[in-house]
There are 2 protein chains.
Amino acid sequence: NEEVQKKEPLQNKKIKTHLDSKIGRAMFCVVREFLEFFNLDFTISVYEPESYLGTGYQYTTRSQIIKDLGISQLDETSTVPLLHQLIELAQLQNKVIDIN
Amino acid sequence: NEEVQKKEPLQNKKIKTHLDSKIGRAMFCVVREFLEFFNLDFTISVYEPESYLGTGYQYTTRSQIIKDLGISQLDETSTVPLLHQLIELAQLQNKVIDIN
């Protein structure tokens with residue numbers, strides 16, 4: 001078993017642990033979508049292999065990421081990145097708690 | 001004025017527009033914190049100059065990002081990245097709306 005683990009292509013165990021969950025994989029896609037939104041092409045070219053895109057997780061469409069996150073309030077046609085929308089929703093949630 | 005604009009060091013206008021707002025700058029810090037959390041060092045070394053870290057925005061501490069976002073429910077001592085916490089808060093907010 002130890003021999004098999006040594007051959008494991010995913011060397012970054014912290015990433016591997018998070019890629020095991022749906023929310024973890026979606027989180028890596030949210031960052032990928034953010035980088036694409038801002039045309040950070042050089043960053044993308046390093047981020048993709050370093051974060052195991054293609055083997056550890058798949059990056060498809062905005063609507064798929066929204067589905068995976070299970071947050072129907074996210075708007076796939078929005079002109080701001082998903083991360084921006086997530087922050088706005090989290091700020092709303094913060095207000096809900098403050099009121100209660 | 002056009003001459004001054006041509007000399008503008010921030011070439012990526014989409015980024016510039018977002019870096020003009022507090023939430024925009026905080027958003028770039030959330031991604032920076034995510035990359036650091038997962039030790040994505042190669043990505044960081046490209047992300048920092050490409051996203052104008054240091055000139056367009058400053059990256060300091062988790063607690064400062066939380067303050068800038070204005071979301072007191074975020075936990076600076078958490079063992080998951082801020083992005084993960086933001087997703088969880090957004091999911092809670094989604095449920096609040098579903099109930100109402």
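Proteins get letters first, then strands, A, B, ... in listed order; numbering begins at 1 in each.
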B:Lys16 and B:Tyr52: side chain to side chain contact (heavy atoms under 4.5 Å, CB included), yes or no, with the steps? CA-CA 9 Å; B:Lys16 185 175 163 49; B:Tyr52 308 106; over 6 Å; no

Do A:Leu53 and A:Arg32 have side-chain heavy atoms sitting under 4.5 Å apart? yes

Largest heavy-atom contact set with chain B, pairs under 4.5 Å, which of A:Leu74, A:Val80, A:Leu69: A:Leu69

Would you mind checking which part of A:Leu35 comes under 4.5 Å of any heavy atom in chain B, side chain (CB onward), backbone (N, CA, C, O), both or neither? side chain

Should B:Gln64 and B:Cys29 count as side-chain neighbours, where that means a heavy-atom distance under 4.5 Å? no

Check for me whether the distance between the ring centres of B:Phe34 and A:His18 falls short of 6.0 Å. no

Enclosure of A:Lys13 NZ (heavy-atom neighbours >12, cutoff 6.0 Å): no

With heavy-atom distances below 4.5 Å as the criterion, would you say the side chains of B:Met27 and A:Ile87 are in contact? yes

Measure from the side-chain N and O atoms of A:Arg62 to the backbone N and O of A:Glu76, and report whether any donor-acceptor pair falls under 3.5 Å. yes

One option among B:Leu89, B:Ile23, B:Ile71 has the most heavy-atom pairs under 4.5 Å with chain A, and it is B:Ile71

Going by residue number, which parts of residues 38-51 of chain B are within reach of chain A, meaning a heavy-atom gap below 4.5 Å? B:Phe38, B:Asn39, B:Leu40, B:Asp41, B:Phe42, B:Thr43, B:Val46, B:Tyr47, B:Glu50, B:Ser51

Quick one: of B:Ile15, B:Leu82, B:Leu86, who has the most non-hydrogen atom pairs under 4.5 Å with chain A? B:Ile15

Any sub-3.5 Å donor-acceptor pair from A:Gln91's side-chain atoms to B:Gly70's backbone N or O? no

